[in-house]
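What follows is a single structure, written as structure tokens, with notes after it.
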Amino acid sequence: MLGYPAMNRSLREKDPPRRCNRDMRKQTWEQKGLSYAGELAEQNFADLRSILQWNLAHDIGFYRCSSTLVPWNSAFDIADLPNFERIRSLARDCGKLVKSNDMRLTFHPSHWCKLASESEDTVARSVESVTHHGRWLDMMDLPRSPRYAINVHIGAHYGDKDATADRFCDVITGLPARARERLTVENDDTESLWGVEELVDSVAARINVPVTFDYHHHTFTSRGLTYREGFNLARNTWGEIRPITHYSEPASLHGDTSARPQKHAESVATLPEWLRKESDVMVESNGKEQSVLSVRED
DNA sequence: TGGCGTCAAGGTTGC
DNA sequence: GCAACCTTGACGCCA
């Protein structure tokens, strides 16, 4: 399967626009509070259902939902929203669509989520973040499995990778099951951070968390492994579950010669056949769903 | 209504 | 030690 993240450009341009990433700023949260958060969440879940229906109609079985599905959820318990029952009903609709059509729905909490941080407060906020992502998947009645992944980065080294891996493993082990049993960890795109081999050795082998192989990120953290070798290492951490990989191409090879090498291109042109055959591929490009449709035609 | 400055959160790197 | 950067869209003020 091929998939895309967050925004569906076709539905975003409709009138009214369909999108599941309505958000609010701090000031608005402080002024309008729970009831407005509930309104946004309800609209987001309703539009998530529309996006999944659109995906189904276009034979796209894989989708990564925005983390602003429930804006400011770190500040309240979702069950306290005044329209919680309506939200839960919409969530169940979404889950039914996913399950009955063998689709795959995942999340990717933002780079603020630092589960291996040296700061207790930061860890607590990060734990809360992955936990409420797990709560949303529970509300959709989706199984607690990396098939419906909550994918994170370690995203830092704190000057001591061994100690960082220890903290990461400890925190993951102590997570509530709704997050722990869905968690996956992805290689970083910065040389000093975490490559596939390091994640396999320091995390997957110890606490059985699958490694998401990001093809483009591997360019920066390969540690001498080919793409194929990197993928093979990650694949073996997934057990019976079909692995998820991320694929994108650098903007610098698509004409944007001044772009930093990490930047994603608008589209993808040379998705390797072996990657597609052996994994479900999240296509990360600015073209979003259009990139999936066009790469599939090739 | 359109344009545009700004946005909760962490951490690394460059100057 | 401080500022820029990540990622990038979307919020929301203001003319």
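Because the structure is predicted, anything quoted here is derived from the model rather than measured. Throughout, protein chains are lettered first and strands after them, A, B, ... in sequence-line order, and every chain is numbered starting at 1.
- Between C:dC11 and A:Arg19, a contact under 4.0 Å exists linking OP1 or OP2 to a side-chain N or O.
- Taking the side chain as every heavy atom from C-beta outward, A:His132 and A:Ser74 approach each other to under 4.5 Å.
- Taking the P atom of each, C:dT8 and B:dC4 are spaced 22 Å apart, rounded to whole Å.
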Practice item. Could you walk me through whether A:Ser10 and A:Gln290 pass side-chain hydrogen bond (donor to acceptor under 3.5 Å, both in side chains), step by step? Key: CA-CA 8 Å; A:Ser10 312; A:Gln290 298 302 327; 2.9 Å; yes
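- A:Arg9 has no side-chain polar atom (N or O) that falls below the 4.0 Å cut-off from OP1 or OP2 of C:dT8.
- Between A:His217 atom NE2 and C:dT7 atom C1' the separation is 11 Å, expressed in whole Å.
- Nucleotides C:dT7 and B:dG14 are separated by 15 Å at their P atoms, to the nearest Å.
- Between A:His217 and A:Phe213, the ring center distance fails the sub-6.0 Å criterion.
- At C:dT7, none of the side-chain N or O atoms of A:His108 fall inside 4.0 Å of OP1 or OP2 (strictly under the cut-off).
- A cation-pi arrangement, defined by a distance under 6.0 Å to the six-membered ring centre and an angle within 45 degrees of its axis, is present between A:Arg167 and A:Tyr158.
- Spacing of P atoms, B:dG11 relative to C:dA10, comes out at 27 Å, to the nearest Å.
- In this model, the phosphate group of C:dC11 is not approached by any side-chain N or O of A:Arg22 to a distance below 4.0 Å at OP1 or OP2.
- The nucleotide B:dA9 finds no pairing partner, because no Watson-Crick or G-U wobble arrangement with both distances shorter than 3.5 Å includes it.
- Between A:Tyr36 and A:Trp72, a ring centre-to-centre spacing not shorter than 6.0 Å is recorded.
- For the pair A:Trp29 CH2 and B:dA8 C1', the interatomic distance rounds to 12 Å; values are reported in whole Å.
- Between A:His111 and B:dG11, a side-chain N or O to OP1/OP2 separation shorter than 4.0 Å is absent.
- If you check every strand for non-hydrogen atoms under 4.0 Å, A:Ser192 touches sugar and phosphate atoms only.
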Check your understanding: Stepwise, does the side-chain hydrogen bond (donor to acceptor under 3.5 Å, both in side chains) test hold for A:Ser285 with A:Tyr247?
Key -> CA-CA 9 Å; A:Ser285 83; A:Tyr247 183 77; over 6 Å; no
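- Phosphate contact (OP1/OP2 of C:dG9, side-chain N/O of A:Asn21, threshold under 4.0 Å): absent.
- Partner assigned to C:dT7 is none, using Watson-Crick or G-U wobble distances below 3.5 angstrom.
- The nearest whole Å value for the distance from the CZ atom in A:Arg25 to the C1' atom in B:dG5 is 8 Å.
- Going from the C1' atom of B:dG3 to that of C:dC6 covers 25 Å, rounded to whole Å.
- When the P atom of B:dA9 is taken as reference, atom NE2 of A:His132 falls 16 Å away, rounded to whole Å.
- Regarding A:Arg12, its CZ atom lies at a distance of 8 Å from the P atom of C:dC11, rounded to whole Å.
- B:dA9 and C:dG1: their C1' atoms are spaced 22 Å apart (whole Å).
- Distance from the side chain of A:Arg125 is smallest for B:dA9 among the nucleotides B:dC7, C:dC13, B:dA9.
- Put simply, A:Tyr158 does not rest on the base of B:dG11: the two rings are not both less than 5.5 Å apart at their centres and under 30° in tilt.
- Residue A:Ser117 places at least one side-chain N or O under 4.0 Å from the OP1 or OP2 atom of B:dG11.
- If you measure from atom NZ of A:Lys26 to atom P of B:dA8, you get 7 Å, rounded to the nearest angstrom.
- Listed candidates were B:dT12, C:dC13, B:dG5. Nearest to the side chain of A:Leu193 is B:dT12.
- Which of B:dG10, C:dT7, C:dA10 sits closest to the side chain of A:Asp189 comes down to C:dT7.
- Counting only heavy atoms from C-beta on, A:Thr122 has its side chain closest to B:dG11 among B:dG11, B:dT13, C:dT7.
- Atom name P, nucleotides C:dA4 and B:dG5: the rounded distance is 16 Å, in whole Å.
- Residue A:Thr68 is classed as having no contact, given no heavy-atom separation below 4.0 Å to the nucleic acid.
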